[in-house]
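Working notes for the structure below.
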Amino acid sequence: MSTIDIMVFLAYIIGIAVFGGSFFKNNKSSSSYTIGNNDIPGWVVTMSIFATFVSSISYLALPGNAFLSNWNAFAFSLSLPIASLIAVKFFVPLYRKINSPSAYTYMEQRFGPWARLYVSLCYLLTQLMRIGTILYLLALTLNAIAGWDIPAIIIITGVVVAIYSMLGGISAVLWTDAIQGIILIAGAVVCVVYILLNMPEGPSQVFDLATANDKFSLGSFSLSLTDSTFWVVLIYGIFINLQNYGIDQNYVQRYMASKSDKAAQRSALVGGLIYVPVSALFLFIGTALFAYYDSAANLPLELQDPSKSDRVFPYFIVNALPEGLSGLLVASIFAAGMSTISTSFNSSATVFLTDYYNKYFKSNATDKEGMKVLYISSAVISVLGILIAIAMINVKSALDAWWGLASIFSGGMLGLFLLGVVSKSKNVIGAIIGTVAGILVIIWLSLSDILFGEGSLGSSFHTYLTIVFGTIVIFLVGFLISILFNKKDGETLTVDDNS
C-alpha cells in the first residue's frame with residue numbers, strides 16, 4: 001500500500017472511532033445503551049440491518065466464489081425476500097409486543113427458564129467465535145495487502161471497535177453501521193466501474209467472456225441433495241435468514257430501536273432486500289475479475305490455485321487500482337468487518353445484562369449498575385474475541401472444530417423458536433425432547449463421515465441441509481409430542497421489560 005492509501009485507510013478508522021465515541025452523551029441508562037432513545041432515523045436502522053447481513057467474509061468470499069465458479073451463491077440472496085416477508089408479518093410485531101431488549105425473553109415465556117438459558121448461551125458462544133473469526137480474517141487480509149503484523153492488527157482493530165461501541169452504545173453501532181454500509185457499497189461500485197472501463201475491448205468484453213464460460217449460471221436445478229444445487233442453496237438460505245430474523249439478538253435489538261412498529265417492519269424488509277442487489281454486485285466483481293485477468297492481465301502463478309480464489313480480489317485492490325482507491329477499498333473491507341464486530345459486542349453485552357445479570361443476580365439493578373455491567377461485559381467479550389482471533393494464527397484447525405461445534409448447537413435455536421410461535425400448547429417436555437432430537441440429528445449429519453465413514457446415510461446430504469433437517473426435527477418432534485400430551489396453554493408467563 002502506498003502512503004496515500006495508508007492515510008485514507010487510517011483516516012477512516014480514526015474517523016469511525018471518533019464518530020462512534022461521540023454518542024457517549026446519549027447513554028444515560030442501560031435502556032438507552034441497548035435499544036436507544038427512540039430517536040434513531042428509520043434509514044439508519046435500515047442500513048444497519050443491511051450491514052449486519054454483510055461481513056468481510058462475504059465481501060471477500062462472494063467475489064472469490066464467482067471468480068472460481070459461478071453465481072450459485074446468489075440463490076442464498078434470493079431467499080431473503082421470503083424470509084423478510086415472514087419476519088415483517090410475524091416476527092417483528094411479536095418482539096415489539098414483548099418489548100424486551102433481549103430476543104430470548106420470548107423463549108422463557110413459551111417454555112420456561114431453561115429455553116432462555118439454552119438459546120442465550122448458544123448465542124454468546126457463536127458470537128465469540130464470530131468475533132474471533134472476523135478479526136482474524138481482517139488481519140489476514142491486511143497482512144496480505146500491507147504486510148503488517150497479524151497479532152498487532154487483531155489487537156488494534158478489536159480495541160478500536162470495542163472503544164467506540166462501548167462508549168456509544170447501540171446508537172453508535174447503528175450510525176456507524178449505516179456509514180460503513182454506504183462505504184462498502186461505494187467501494188464495490190468503484191471497483192466494478194474501474195474494471196469495466198479498463199477492459200481492452202470495452203465493458204461488453206466482461207459479459208462476452210463470462211457468458212462463454214457460463215459464469216452467470218445459478219447452478220444446477222436438479223433435485224439432488226448431495227450437491228449445492230440452486231434448490232439446496234435457496235432452502236438453506238430461507239432457514240438461515242429465518243434464524244437471523246427470528247432469533248438473532250442483532251436483529252431483534254434493531255426492531256426495538258425503531259421508532260414504531262411500522263418503522264421496524266419497514267427497516268426489516270428494506271434492510272434485507274438491499275442485500276439482494278448488493279450481493280449481486282459482489283458476485284459481479286468476481287465475474288469481472290475473471291474476465292479482467294483472462295484478457296487484460298495475468299494472475300501470479302500462486303494465485304492460480306483454485307483454493308486461493310478469495311485472494312484474487314485483495315490482489316487486484318493492491319496491484320490494479322490507483323493510489324487512494326486502494327485505500328478506499330481496503331477501508332470498505334474493514335467497514336464490513338467492523339460493523340459485524342461492533343454489533344456482536346453490543347448485542348452480547350445486552351444478552352449478558354438482560355438474560356443473566358438481571359435474571360439471576362439483581363433484577364432491580366439501577367441504571368448505574370446496569371451500565372457498569374454493560375461496560376464490563378463488553379470489555380470481557382472484546383478481550384475474549386481478540387484472544388480467539390490470535391489463537392487462530394497457530395491452532396486454526398482446533399478453533400475451526402469449535403466453530404463447527406458452536407454451529408451445531410446454534411442449529412437448535414430456530415426450531416425451538418418456530419415451535420414456540422406455531423404451537424398453541426406449552427408442553428415443556430415436548431420442547432426439550434424435540435430440541436435434543438434435533439441436536440442429535442445435527443450432530444449425526446455433521447460428523448457422519450467421521451463416525452460412520454464415507455458413504456453413510458448422513459454423508460449423502462449436502463452440509464447446507466444440516467440446519468434444515470435439524471430445525472425440522474426439533475419443530476415436528478416437539479409439535480407432535482405437544483399434541484399427544486394435549487396440554488393447552490394456561491396464562492402466558494409475564495416477563496417485564498428487564499427480565
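Heavy atoms only: backbone and side chains are in, while hydrogens, waters and symmetry mates are out. Residue indices begin at 1 and follow the sequence shown.
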Measure across [X] and [Y] and return the closest heavy-atom pair with its distance rounded to 0.1 Å.
X: Leu283; Y: Ala73; value: CD2-CB, 4.4 Å
X: Leu174; Y: Ala257; value: CD1-CB, 3.9 Å
X: Tyr255; Y: Ala268; value: CE2-CB, 4.0 Å
X: Phe334; Y: Leu142; value: CZ-CD2, 3.8 Å
X: Ser347; Y: Gln253; value: CA-OE1, 3.0 Å
X: Gln205; Y: Pro200; value: OE1-CD, 3.4 Å

- Item | Gln180 side chain vs Thr176 backbone, donor-acceptor pair below 3.5 Å | yes
- Message: Can a donor-acceptor pair be found, under 3.5 Å and without considering hydrogens, that links the side chain of Ser326 to the backbone of Glu323?
- Response: no
Evaluate the side-chain proximity of [Y] to [X]: yes if any heavy-atom separation is below 4.5 Å, no if none is.
X: Asn65; Y: Ser69; answer: yes
X: Phe207; Y: Phe216; answer: yes
X: Val233; Y: Thr229; answer: no
X: Leu117; Y: Tyr356; answer: yes
X: Pro63; Y: Val312; answer: no

Centroid-to-centroid, [X] to [Y], below 6.0 Å?
X: Phe316; Y: Tyr292; result: yes
X: Phe417; Y: Phe91; result: yes
X: Phe221; Y: Phe230; result: yes
X: Phe352; Y: Tyr123; result: no

- What residue pairs, at least two apart or across chains, pass salt bridge (Lys or Arg N to Asp or Glu O under 4.0 Å) with a residue in residues 163-181?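 Qualifying pairs, neighbours excluded: Asp177-Arg254.
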Pairs under 3.5 angstrom only: tabulate donor-acceptor contacts from the side chains of residues 146-168 to other protein residues two or more places apart or in another chain.
residue, atom, partner, partner atom, Å
Asp149, OD2, Ala152, N, 3.2
Thr157, OG1, Ile153, O, 2.8
Ser165, OG, Val161, O, 2.8
Ser165, OG, Ala162, O, 3.2

- Item | All pairs passing ring-ring contact (aromatic ring centres under 6.0 Å, His included) where residues 179-205 contributes a residue, at least two apart | none
- Query: Relative to each other, are the rings of Tyr251 and Phe53 parallel, tilted or perpendicular (30° and 60° limits)?
  - Reply: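 Rings of Tyr251 and Phe53: perpendicular, over 60°.
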